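Just so it is clear: chains get the letters A, B, ... in the order the sequence lines come, proteins before strands, and each one is counted from 1. Bear in mind the structure is a predicted one, so any value in this text is a computation, not a measurement.
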Number of protein chains: 2
Amino acid sequence: MPRQQTKTSIAIVDDHVLITQMLATTITNFGDCQVVLQATNGKDLQRQINPSQLPDLVILDVNMPVMDGYETAKWLTATYPSIRILVLTMYDSELAMLRLLLLGVRGFLKKDIDPATLKDAIVTTMETGFYYSERQLVNLLQSKGNNIQLVNNVFLSTKELQLLTLACSDRPYKVIAQEMGISFKTLDHYRQALFDKLNVKSRVGLAIYALENGVVRKKTE
Amino acid sequence: MPRQQTKTSIAIVDDHVLITQMLATTITNFGDCQVVLQATNGKDLQRQINPSQLPDLVILDVNMPVMDGYETAKWLTATYPSIRILVLTMYDSELAMLRLLLLGVRGFLKKDIDPATLKDAIVTTMETGFYYSERQLVNLLQSKGNNIQLVNNVFLSTKELQLLTLACSDRPYKVIAQEMGISFKTLDHYRQALFDKLNVKSRVGLAIYALENGVVRKKTE
DNA sequence: TATTCAATGGGGAAAAATCCCCATTTTCCG
DNA sequence: CGGAAAATGGGGATTTTTCCCCATTGAATA
């Protein structure tokens, strides 16, 4: 049902104020949508959201200070499961998409799209519940027989994620192990696990992965 | 002279189509500006630009495929020195800003600004020739007595830049030295120079620097 | 011309990272 | 309960990185 009496209400969560405002303008110009909330991060969304007047859809940036897209998606899904979530991001790694999908995200949009695609994504998400700008992830999930195995392989444990974050520094593993409260040798195992799961061969590879996939927030972003 | 008969004509160069379009909408709504050109990278700008109808100002993204902000700024300054350049970026390192300043860029805008700030930046750049959203760089340039020394220290040689790029990989220095056609020991000198200039202590630090400052283009950006 | 300086390459050693093995404890599940 | 799997820690070797020294060459410069 494309046309409705009531407009689709949309919330935008992105720390780039300029992008948020421009998104709002673009969406408003669609005519059948209205932007009812603009937040700069997840915490800001929690503060502003009105349970008696929930948005139909949240457009969510992944990389944000204070409370990022992952935490926000998790909280939204748990608190207001009826709200559709569309992630607007520059990253498109399978790991990141899988994590977000399991957190309840309904679709992904890269930032190099045009307004028409944005509208299509919003409409499609509202009508069918899901939107993917690329088929790869769908194929991935459908082709592999044992999804659980896949998820176990692709997902990172808390310690692994912590190491991945701390590895993005000038500090040697010896120091990082102390910070994590584990021995250097235990850290070695997590390191090897990360190499295997992320398909890299060195600590530099870890750092590149973490930065490219938004695991570690860049200072100026 | 804020108000003129003819509107300020603006070109936007950014590979994120959505951002470009929204920027264009926002700027058009200012009333006294008009967007006369939208390009997705430097090469695209070269193809589209009309010498008989040059824009007054170019809003330029740094991170772009094909021809990035550095190359584009260099070409613009050499070819059409009258055009003001405003860089829209997420990076704000002194090195990056210095490089861009010496390439003729007139001002910097981080992407977390609001439309009012954007307008202020455009107006200020057109009126005074320069715009800085932060004073730090101006202070830097004014305080240091010997700018040439500073520039020599801050700028990277071709080989250093090449190493910085190649260091963002899983390959050991031994292999990188072969790729660069120099000995491992010569590479060692460039590495040490990079450590000193960029104030890092390890190869991971180099990779982080390169990614955070757009020296190496991220796959999905 | 003499000197300085950058680029080139090297020896050697210490530190760090990587990769094999292994054992113990805990946790989880059939 | 009993076994599988994960988390923890280690020994030891190899490779890579990092940091000291140093020498030679050629270009730039006082």
Side-chain angles (χ1 to χ4, degrees), chain A residues 95 99 102 146-211 215-216, chain B residues 95 146-211 215-216:
Chain A
L95 172 60
R99 283 185 65 189
L102 293 198
N146 46 352
N147 287 1
I148 295 157
Q149 193 61 39
L150 174 73
V151 168
N152 279 339
N153 271 343
V154 165
F155 264 73
L156 306 180
S157 70
T158 306
K159 282 276 170 56
E160 285 165 358
L161 207 54
Q162 187 184 5
L163 173 57
L164 184 57
T165 304
L166 294 174
C168 290
S169 76
D170 266 336
R171 300 189 297 284
Y173 282 142
K174 198 179 1 176
V175 175
I176 294 177
Q178 287 174 0
E179 292 173 1
M180 292 178 68
I182 59 178
S183 100
F184 172 77
K185 283 300 184 177
T186 305
L187 181 146
D188 210 5
H189 289 295
Y190 293 131
R191 183 187 53 70
Q192 192 60 55
L194 284 173
F195 282 12
D196 294 343
K197 290 185 181 181
L198 305 183
N199 197 31
V200 300
K201 294 182 189 63
S202 74
R203 183 168 168 180
V204 174
L206 289 185
I208 295 171
Y209 182 93
L211 285 165
V215 176
V216 173
Chain B
L95 171 60
N146 47 352
N147 288 1
I148 295 157
Q149 191 61 40
L150 173 73
V151 168
N152 279 338
N153 271 341
V154 165
F155 265 75
L156 306 181
S157 72
T158 306
K159 282 275 171 55
E160 285 165 358
L161 207 54
Q162 188 185 4
L163 173 56
L164 183 56
T165 304
L166 294 174
C168 290
S169 75
D170 267 336
R171 301 188 296 284
Y173 283 141
K174 198 179 3 175
V175 176
I176 293 177
Q178 287 174 0
E179 292 173 0
M180 292 178 68
I182 60 179
S183 102
F184 171 78
K185 282 300 182 176
T186 305
L187 181 147
D188 209 6
H189 290 296
Y190 294 130
R191 183 186 54 70
Q192 191 59 53
L194 284 174
F195 281 14
D196 293 343
K197 291 185 180 181
L198 306 183
N199 197 29
V200 301
K201 295 182 189 64
S202 74
R203 181 168 169 181
V204 174
L206 289 185
I208 294 171
Y209 182 93
L211 285 165
V215 176
V216 173

Name the pairs: protein N/O against N/O of nucleotides 14-23 of chain C, kept only if under 3.5 Å.
| residue | atom | partner | partner atom | Å |
| --- | --- | --- | --- | --- |
| dA16(C) | OP2 | Lys174(A) | NZ | 3.1 |
| dA17(C) | OP1 | Arg203(A) | NH1 | 2.6 |
| dA17(C) | OP2 | Tyr173(A) | N | 2.8 |
| dT18(C) | OP1 | Arg203(A) | N | 2.7 |
| dT18(C) | OP2 | Tyr173(A) | OH | 3.1 |
| dC19(C) | OP2 | Gln192(A) | OE1 | 3.1 |
| dC19(C) | N4 | Asp188(A) | OD2 | 2.8 |

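Between Thr186(B) and dA7(C) there is no side-chain polar atom (N or O) within less than 4.0 angstrom of OP1 or OP2.
Residues forming a side-chain hydrogen bond (donor to acceptor under 3.5 Å, both in side chains) with Glu179(A) (at least two apart in sequence, or on another chain): Arg171(A). Gln178(A) meets the side-chain contact (heavy atoms from CB on, under 4.5 Å) test with no other residue; sequence neighbours excluded. Under the rule for a side-chain contact (heavy atoms from CB on, under 4.5 Å), the partners of Lys201(A) that lie at least two apart in sequence or sit in another chain are Asp170(B).
The interatomic distance linking Gln162(B) (CD) with dA7(C) (P) rounds to 14 Å, in whole Å. Note: CG (Leu187(B)) to P (dT18(D)) measures 10 Å, nearest angstrom. Between Met180(B) atom CE and dG9(C) atom P the separation is 11 Å, expressed in whole Å. Atom P of nucleotide dT15(D) and atom CD1 of Ile176(B) are separated by 18 Å, given to the nearest angstrom. Computed from coordinates, the Ile182(A) CD1 to dT24(C) P distance equals 21 Å when rounded to whole Å.
Using a 4.5 Å heavy-atom cutoff, the side chains of Ile208(B) and Val200(B) are not in contact.
Contacts classified as salt bridge (charged side-chain N to carboxylate O under 4.0 Å, His left out) and involving residues 186-195 of chain B (residues at least two apart or in different chains) are given here: Asp188(B)-Arg191(B).
The backbone N or O of Val204(A) sits nowhere less than 3.5 Å from a side-chain atom of Arg203(B) that would complete a donor-acceptor pair.
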